[in-house]
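Here is the structure we will look at.
Counting starts at 1 for both ligands and their atoms, following the listed order.
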Amino acid sequence: MREWMIGAAQMGPIQKSDSREAVVARMLALLDSAAEQGCELVVFPELALTTFFPRWYMEDQSEVDYWFEREMPGATTRPLFERAREHGIAISFGYAELTPEGRHFNTSILTNRRGEIIGKYRKVHLPGHVEHDSERDFQHLEKRYFEPGDLGFETFDNDGTLMGMCICNDRRWPETWRVMGLQGVELVMLGYNTPSVNSQNAGEGLEKRLYHSELSVTSGAYQNATWAVAVAKAGDEDGHPLMGGSIIVDPDGFVVARADSEGDELITARCDMDRCQFGKTTIFDFARHRRIEHYGRITSQTGVER
Ligand code: CDT
């Protein structure tokens with residue numbers, strides 16, 4: 001399949017007290033409206049099933065584990081897979097994953113249009129910190145609750161289109177995009193929970209934060225000649241605002257659909273994967289133009305060395 005009607009299913013806030021069942025009901029409603037609009041793939045946000053719990057400091061591991069899924073699909077999430085299969089819609093969404101070995105990841109999965117999981121990604125670039133930080137206006141404890149993903153940036157053939165995933169902070173890192181670009185990726189899907197306020201710089205402002213998100217996604221799409229879908233969980237979660245700004249971006253780096261609310265909102269675009277070919281065979285023909293003899297620092301060094 002080379003042409004996909006894609007839906008970006010932005011979700012409004014999820015409060016701590018909201019049940020998983022209530023959230024899944026909202027996702028099912030978004031899936032139904034996606035089906036009405038002819039969508040064949042729907043992308044939901046990072047940690048789509050719960051509030052963005054890493055903003056809360058917890059010491060008790062059983063309290064932490066409450067936010068994690070032990071199986072996918074599980075009893076609560078199975079209706080999503082069933083409804084998606086009934087509609088013939090492939091889906092991707094993020095959730096907190098607790099493996100049988102007791103490992104914790106910030107994960108997203110991808111299904112085909114028959115409701116079968118064909119791809120999994122575990123977030124590599126975990127932002128934030130491990131310990132409670134009283135200097136911040138609010139906490140961002142992803143480094144406390146998750147370990148860095150161990151699956152790399154794989155791509156998956158979904159009925160003839162090569163798809164990849166990353167999650168939130170990953171979008172800000174060109175390495176994320178290039179590793180998938182080097183596999184010929186044609187569609188990158190990502191969800192995010194981005195606070196509207198910088199916890200270390202209250203003056204930064206929403207406009208700049210939206211700009212940096214869009215800049216990251218549009219440049220990643222352009223420089224790798226790929227479609228991209230970036231989907232927010234937005235709005236006020238228990239007094240903590242998350243920004244919206246979900247977008248669908250074409251392989252030239254142009255935004256072709258944009259959400260304008262901070263609530264549950266579906267945006268759509270018809271995406272022809274063959275449009276990736278021009279960039280991939282001309283200015284971003286990697287085989288002809290890349291100069292790997294000068295890129296050693298990318299994989300041998302993390303911080304700046306003068
Ligand atoms: N969820 C997530 O990765 N959020 C980050 C916030 C960074 S501030 C610690 C983001 O990059 O949007």
Subset of ligand 1 atoms that lie under 4.0 Å from at least one heavy atom of [X]:
X	answer
Lys123	1 (N), 2 (C), 3 (O)
Asn193	1 (N), 2 (C), 4 (N)
Glu46	1 (N)
Glu142	1 (N), 2 (C), 3 (O)
Phe52	1 (N)

Report, as yes or no, whether the 6.0 Å neighbourhood of atom CD on Gln301 holds more than 12 heavy atoms from other residues, nucleotides or ligands. yes
Taking atom CH2 of Trp173 as the centre, does the number of heavy atoms from other residues, nucleotides or ligands within less than 6.0 Å exceed 12? no
Looking at [atom], what's its closest protein heavy atom, distance included?
atom	answer
atom 7 (C) of ligand 1	Pro127 CB, 4.1 Å
atom 6 (C) of ligand 1	His140 CE1, 3.6 Å
atom 11 (O) of ligand 1	Arg172 NE, 2.7 Å
atom 5 (C) of ligand 1	Cys168 SG, 3.7 Å

Please confirm whether His125 comes under 4.0 Å of ligand 1, counting heavy atoms of the residue only. no
Test item: Leu41 and Leu110 side chains (from C-beta on) under 4.5 Å apart, heavy atoms: yes
If we set the cut-off at 4.0 Å for heavy atoms, which region of Tyr192 has an atom near ligand 1: side chain, backbone, both, or neither? neither
Geometric cation-pi criterion, Arg171 with Tyr192: 6.0 Å, 45°: yes
Arg103 to Phe68 six-membered ring, cation-pi geometry met (6.0 Å, 45°): no
Could you measure the distance from the [atom1] atom of [X] to the [atom2] atom of [Y]? Nearest 0.5 Å is fine.
X	Y	atom1	atom2	result
Arg85	Asn112	CZ	CG	10.5 Å
Lys280	Phe278	NZ	CZ	13.5 Å
Leu210	His212	CG	NE2	11.0 Å

Examine Thr194 against ligand 1 and note whether any of their N/O atoms are separated by less than 3.5 Å. yes
Would one find an N or O of Arg209, backbone or side chain, under 3.5 Å from an N or O of ligand 1? no
Specify whether Phe44 and Phe93 have parallel, tilted or perpendicular ring planes, treating 30° as the upper limit for parallel and 60° as the lower limit for perpendicular. perpendicular
